[in-house]
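Every chain is numbered from 1 and lettered A, B, ... according to where its sequence line falls, protein lines coming before strand lines. Only this structure's heavy atoms are used, side chains among them; waters, hydrogens and symmetry mates stay out.
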There are 2 protein chains.
Amino acid sequence: MDKVLKNDHSEETLFEVAEFFKVLGDPTRIKIVSALFENGELCVNDIVNLVDVSRTAVSHQLRILKDKRIISYRKDGQMKFYHLDDAHVEVIVLLTITHLSHH
Amino acid sequence: MDKVLKNDHSEETLFEVAEFFKVLGDPTRIKIVSALFENGELCVNDIVNLVDVSRTAVSHQLRILKDKRIISYRKDGQMKFYHLDDAHVEVIVLLTITHLSHH
DNA sequence: TCAATATGTGAACACTTGCTCACTTATTAA
DNA sequence: TTAATAAGTGAGCAAGTGTTCACATATTGA
């Protein structure tokens, strides 16, 4: 009997997985995400100081992370406090750090 | 006492994490990786048939995955059998699929 | 109302990326 | 040795991406 090749995950699921990884696959965005799960909640200015990228560039990247539902924010006066939208993201990133440290 | 902002993970570690996610953040490469953990081991021709991308494009992507130590291969005659280099990758991808399914 | 502070937006541009095309290398069978 | 099969490589190019610059919006305090 011939070996049957499997392709269990649908094209669409895998495309979404790729989209998710692509968003985390940028140095500025992963630094923002890391800063957020280290600190819980940060305003834009705190993020700018922690990740050492221009304020404008941070704004653009925050939008991408927000559109992909990786982060969201709470508004307080003229400030916006961003936080991770889902604890899964932290688990995935930490697991990846563990994985890479074994190389 | 002022809140102290944390940035625990080094710039370099986070850069490597971003590099890793960037490699998985492409539809062709994630399809290859998925096909490999569904099937254990595949020759290039099997991969071409499963992911529905040209043979040449698959070759280019296999090289990127190999360079990043995500896959490796066993040579048998004129064929090369590729497989995942580390079980962590499967765990990370499956965890991500679970995460996305909760959205 | 006016100025200051906090954040966001859109266009432009250099840089990167993934594909195709033409060609090459390696192995096996005739 | 020749032809066929399996796989890889490098150049070229269209499409995508991340940053900067100039400008816009929103909120607060004087």
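- Taking atom CG of residue B:Asp46 and atom C1' of nucleotide D:dT5, one finds them 14 Å apart after rounding to whole Å.
- Ring pair B:Phe81/B:Tyr73: centre-to-centre distance not below 6.0 Å.
- Residue-environment remark: CZ (B:Arg69) stays at or below the threshold of 12 foreign heavy atoms within 6.0 Å.
- Between the side chain of A:Thr96 and the main chain of A:Ile92, a donor-acceptor pair closer than 3.5 Å is present.
- Across all strands, B:Tyr73 comes closer than 4.0 Å to no nucleic acid atom at all (heavy-atom distances).
- Residue whose closest nucleotide on DNA chain D sits further toward the 5' end, between A:Ile64 and A:Thr56: A:Ile64.
- As rounded to whole Å, 18 Å separates atom P of C:dG18 from atom CG of B:Asp52.
- Atom-to-atom, CG of B:Asp67 to C1' of C:dT17 comes out at 15 Å; the value is rounded to the nearest Å.
- Of the side-chain N and O atoms in A:Lys66, none sit less than 4.0 angstrom from OP1 or OP2 of C:dG8.
- The environment of A:Asp52 atom CG is sparse: at most 12 non-hydrogen atoms of other residues, nucleotides or ligands sit within 6.0 angstrom.
- A sub-4.0 Å separation between OP1 or OP2 of D:dT27 and a side-chain N or O of A:Lys75 is present.
- Within 6.0 Å of atom CD in B:Glu11, 12 or fewer heavy atoms from other residues, nucleotides or ligands are found, so the atom counts as exposed in its surroundings.
- Phosphate proximity of D:dG8 to B:Arg63: absent, as no side-chain N or O sits under 4.0 Å from OP1 or OP2.
- Relative to the side chain of B:Asp26, the nucleotides C:dG18, D:dG8, C:dT7 differ in distance, and C:dG18 lies closest.
- Dashed line: the shortest gap from a side-chain N or O of A:Lys22 to OP1 or OP2 of C:dT17 is not under 4.0 Å.
- Side-chain N or O atoms of B:Asp26 include one that pairs as donor or acceptor with a backbone N or O of B:Thr28 at under 3.5 Å.
- Not a single donor-acceptor contact under 3.5 angstrom links the side-chain atoms of A:Arg55 to the base of C:dA6.
- Nucleotide D:dT27 holds its C1' atom 14 Å from the CZ atom of A:Phe81, rounded to whole Å.
- The side chain of A:Ser54 has D:dT20 as its nearest neighbour among D:dA7, C:dT7, D:dT20.
- Comparing D:dT28, C:dA11, C:dG8 by their nearest atom to the side chain of A:His60 picks out C:dA11.
- In this structure, B:His9 and A:Phe37 have perpendicular ring planes: the angle between them is above 60°, well past the 30° mark.
- When the side-chain nitrogen and oxygen atoms of A:Thr28 are compared with OP1 and OP2 of D:dT19, one or more of them lie within a distance under 4.0 Å.
- What separates CG of B:Asp76 from P of C:dA26 is a distance of 18 Å, to the nearest Å.
- Side chains of A:Thr13 and A:Ser10: a donor on one and an acceptor on the other come within 3.5 Å.
- Rounded to a whole Å, the CZ atom of B:Arg74 is 15 Å from the C1' atom of D:dA6.
- Secondary structure note: stems in DNA chain C built from 3 or more consecutive Watson-Crick or G-U wobble pairs under 3.5 Å occupy C:1-30 with D:1-30.
- For A:Gln61, a side-chain nitrogen or oxygen approaches OP1 or OP2 of D:dT19 to under 4.0 Å.
- Of all nucleotides listed (D:dA7, C:dT7, C:dG8), D:dA7 comes nearest to the side chain of B:Met79.
- If you take CD1 of A:Ile32 and P of C:dT7, they are 13 Å apart, rounded to a whole angstrom.
- Between A:Val58 and A:Gln78, the residue anchored nearer the 5' end of DNA chain D, judged by the nucleotide with its closest heavy atom, is A:Val58.
- In this structure, B:Glu19 atom CD and D:dT17 atom C1' are separated by 15 Å, rounded to whole Å.
- Remark: B:Lys80 is in phosphate contact with D:dG8, judged by side-chain N or O atoms under 4.0 Å from OP1 or OP2.
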